[in-house]
Amino acid sequence: DMDDIIAYAANYGIQVIPSFDMPSHMGAICKAFPQFANDTRTINFRDGRAVKFMLAIIDKYAAYFKSKGSKIYNLGCDELSIDVSGGHLRESYFGFLNSAVDKIESYGMRAAMYNDYITADCGISKNVLILYWTHSSYKDVDEIEKAGYKILNYSYDLYWALGRYK
């Protein structure tokens with residue numbers, strides 16, 4: 001099915017950008033592979049086996065989407081269920097993200113992620129495209145831009161999902 005969607009989009013000059021949100025928003029994977037779970041929705045990015053598993057997912061899908069012409073791969077990286085604002089958790093989280101970015105870049109693709117937790121000193125490559133989706137409690141867009149990141153407007157104010165809410 002994905003081949004058909006990508007071909008259809010290409011006919012209209014649209015690039016499909018894969019989005020495989022991690023380490024959070026992974027409830028189905030946490031249920032299927034509880035040994036990698038931190039909780040019911042977040043993979044344990046401090047566990048080397050879990051990180052290897054997530055990088056294997058990136059390997060599979062980056063290879064596929066790169067072969068179909070995609071130039072960007074969205075990691076998501078938003079709405080964690082644990083606090084990574086400081087200490088060892090922060091180091092582990094950004095260590096995982098840098099490994100994921102390196103993996104994506106090894107396919108000649110550009111990594112993207114949402115603006116949650118992005119700060120001037122977070123250590124994420126300035127090549128990462130920041131998808132600015134929310135301004136509630138996260139860094140101001142000007143601060144992220146001053147830190148040297150390229151930003152795309154993904155404002156949730158413009159997001160509209162059909163079928164879930166009535």
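Since this is a predicted model, take the numbers as computed values, not measurements.
One side chain, Tyr107 or Asp59, offers a donor N or O that lies under 3.5 Å from an acceptor on the other.
Under the rule for a side-chain hydrogen bond (donor to acceptor under 3.5 Å, both in side chains), the partners of Arg41 that lie at least two apart in sequence or sit in another chain are Ser24. Looking at residues two or more places apart in sequence or on another chain, you find no ring pair (Phe, Tyr, Trp, His ring centres under 6.0 Å) involving Phe94. For the ring pair (Phe, Tyr, Trp, His ring centres under 6.0 Å) test, no residue two or more places apart in sequence or in another chain qualifies with Tyr64. The ring pair (Phe, Tyr, Trp, His ring centres under 6.0 Å) search around Phe53 returns Phe33, Phe36, not counting sequence neighbours. For Lys66, there are no side-chain hydrogen bond (donor to acceptor under 3.5 Å, both in side chains) partners at least two apart in sequence or on another chain. Every salt bridge (Lys or Arg N to Asp or Glu O under 4.0 Å) that Asp3 has, sequence neighbours left out, goes to Lys68. Annotation: ring pair (Phe, Tyr, Trp, His ring centres under 6.0 Å) contacts of Tyr73 (sequence neighbours excluded): none. Residues passing the side-chain hydrogen bond (donor to acceptor under 3.5 Å, both in side chains) test with Ser70: none are found, sequence neighbours excluded. By the side-chain contact (heavy atoms from CB on, under 4.5 Å) test, Lys52 is found to be paired with no residue, residues two or more places apart in sequence or in another chain being considered. Asp39 pairs by the salt bridge (Lys or Arg N to Asp or Glu O under 4.0 Å) definition with nothing, not counting sequence neighbours. By the salt bridge (Lys or Arg N to Asp or Glu O under 4.0 Å) test, Asp21 pairs with no residue at all, sequence neighbours left out. In this structure Tyr114 satisfies the side-chain hydrogen bond (donor to acceptor under 3.5 Å, both in side chains) test together with Asn74, sequence neighbours excluded.
For the residue pair Ile104 and Arg110, the shortest heavy atom distance occurs at CG2-C, 4.0 Å. Considering all non-hydrogen atoms of both residues, Glu79 and Asp116 come closest at N-OD2, 2.9 Å. Among all heavy-atom pairs drawn from Tyr117 and Cys122, the shortest one is O-CB, 4.2 Å.
The number of heavy atoms from other shown groups lying within 6.0 Å of CD (Glu145) does not exceed 12.
For the pair Ser92 (side chain) and Leu89 (backbone), a donor-acceptor distance under 3.5 Å is absent. With hydrogens and angles disregarded, a donor-acceptor distance shorter than 3.5 Å links the side chain of Lys126 to the backbone of Ala147. Remark: side-chain polar atoms of Asn115 are not paired, donor with acceptor, to backbone N or O of Ile130 under 3.5 angstrom.
A heavy-atom distance below 4.5 Å is found between the side chains of Leu80 and Tyr93. Using a 4.5 Å heavy-atom threshold, the side chains of Ile29 and Met54 count as separate. For the pair Asn153 and Val141, the minimum side-chain heavy-atom distance is 4.5 Å or more.
Results of the side chain to side chain contact (heavy atoms under 4.5 Å, CB included) test with Cys30 over Thr40, Asn38, Ile43, Thr42 single out Ile43 as the only residue that passes.
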